[in-house]
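See structure below.
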2 protein chains.
Amino acid sequence: MQKEHNLSKNQKIIFDLIDKSRGPMKAYSILFNVQKKGIKAPLQVYRALDKLVEIGKIHKIESRNAFIACQNSNCQVSKATAFSICESCENVSEISNSKLSKYLSNFSDSSGMKYSKYNLEFFGLCKKCKSK
Amino acid sequence: MQKEHNLSKNQKIIFDLIDKSRGPMKAYSILFNVQKKGIKAPLQVYRALDKLVEIGKIHKIESRNAFIACQNSNCQVSKATAFSICESCENVSEISNSKLSKYLSNFSDSSGMKYSKYNLEFFGLCKKCKSK
DNA sequence: CTTATAAATGTTATATTATTACATACTGTT
DNA sequence: AACAGTATGTAATAATATAACATTTATAAG
Ligand SMILES: [Zn+2]
Ligand SMILES: [Zn+2]
Ligand SMILES: [Zn+2]
Ligand SMILES: [Zn+2]
């Protein structure tokens, strides 16, 4: 069950924008797009992004400094994320593969480190770009 | 067998610095540290970093915008990287686990995407920080 | 050795991404 | 009403990264 988070005004504006965008959005592109809604400063964007990431409504694609709406209905928090990224068209999608997530969530090694979170980014060519 | 790359002057200066540093280094910290060696501009640092990443001598820790020397003697190129990152002390180490790398290198899903590269970052608390 | 080519360097300016600091307002609880 | 926690507004600035252009050095072929 997904906990309902009542998004604040700015959080909602920014989440809605990211959610309906086709791909990942960058912070300043978000800023540009929400200026007509009264959000004027980078910090307002970054604060909303931080919160949305924290509650798992969006994820950050670290290698791209961009943000994407969670595509798994069950990502309550951003603790276990995996993405596939096309290096040609920059299309990004969230991988939802229970075997993979189980494997990684249970991963441990000899370092004695306790892992509580991971982020995995796969790179390659998507179907479309491969056939070009 | 590791191909020998003859590093250029700037590449060598910057690699040596990263290699002997304890943890990941950020670009502008590198810049600061090599100014006495005649490297004066960010671009000189970024160019060397790009090349060193390309040939696998260093890796970028995407979530930290920082660079670390490859700790696997066999990473010829930065195609398959995994790191463990302590969220308390920011200690980073490269994970060298053949099962994990095999699992991820062979990963494929129904998207039809051909994966040629991945980067995985695990987060948690290291042994030291756990026991505090 | 000369010529051609690719790789690396030097330099200035600028673009992009993200945070600090401080003041104010809203929301829910006691 | 008083309090605590969360969110907002605003300005300034820090941190990260790239564009553009001129020059030099290394590598390989002829
Ligand atoms: Zn998700
Ligand atoms: Zn593509
Ligand atoms: Zn490596
Ligand atoms: Zn630690």
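In what follows, every chain begins at residue 1, and chains take the letters A, B, ... in the order their sequences are listed. Basis for what follows: all heavy atoms, side chains included, without hydrogens, waters or symmetry-related copies.
Within residues 18-43 of chain A, the residues approached by DNA chain D to less than 4.0 Å at the level of any non-hydrogen atom are A:K40, A:A41, A:L43, in residue-number order.
Using a cutoff of 4.0 Å between basic side-chain nitrogens and carboxylate oxygens, A:R64 and B:E62 are not scored as salt-bridged. Between A:K20 and A:D16, no side-chain nitrogen of the basic residue sits less than 4.0 Å from a carboxylate oxygen of the acidic one, so the salt-bridge criterion is not met.
At whole-Å resolution of the value, CD in B:Q44 and C1' in C:dA7 are 15 Å apart. Rounded to an integer number of Å, the gap from B:R64 CZ to C:dA18 C1' is 15 Å. Taking atom NZ of B:K12 as the reference point, atom P of C:dT9 lies 13 Å away to the nearest angstrom. One atom, CG of B:N10, and another, C1' of C:dA7, lie 12 Å apart when rounded to the nearest Å.
At distances below 3.5 Å, not a single donor-acceptor pair connects side-chain atoms of B:E54 with backbone N or O atoms of B:K51. Between the side chain of A:Q44 and the backbone N or O of A:I39, no donor-acceptor pair lies under 3.5 Å. Side-chain atoms of A:S101 come within 3.5 Å of backbone N or O of A:S98 as a donor-acceptor pair. A:Q11 places no side-chain N or O within 3.5 Å of a backbone atom of A:A48 that could act as its donor or acceptor partner. Checked by atom type and distance alone, the side chain of A:K130 pairs as donor or acceptor with a backbone atom of B:G112 at under 3.5 Å. Panel note: side chain A:D19, backbone A:F15; no donor-acceptor pair is recorded below 3.5 Å.
The shortest distance between the side-chain N/O atoms of B:S8 and the OP1/OP2 oxygens of C:dT9 is below 4.0 Å. In this model, the phosphate group of C:dA18 is approached by a side-chain N or O of A:N65 to a distance below 4.0 Å at OP1 or OP2.
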Each nucleotide N or O in nucleotides 24-30 of chain C that has a protein N or O under 3.5 Å away: list the pair and distance.
none

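Here the nucleotide nearest the side chain of A:Y46, chosen from C:dA18, C:dG10, C:dC22, is C:dA18.
Think of the region where chain A sits on DNA chain D: with heavy atoms and a 4.0 Å cut, that region ends 5' and 3' at D:dA7 to D:dA11.
Within the 4.5 Å cutoff, no side-chain heavy atoms of A:T81 are placed close to those of A:L120.
Mapping B:A48 and A:D50 onto DNA chain C by nearest heavy atom places B:A48 closer to the 5' end of the strand.
Residue contacts shown for B:K60 are limited to sugar-phosphate atoms, with no base heavy atom under 4.0 Å away.
A:D109 and A:S111 form a side-chain donor-acceptor contact under 3.5 Å, judged by distance and modelled atom types alone. Checked by atom type, the side-chain pair A:N119/A:E121 shows a donor-acceptor distance below 3.5 Å.
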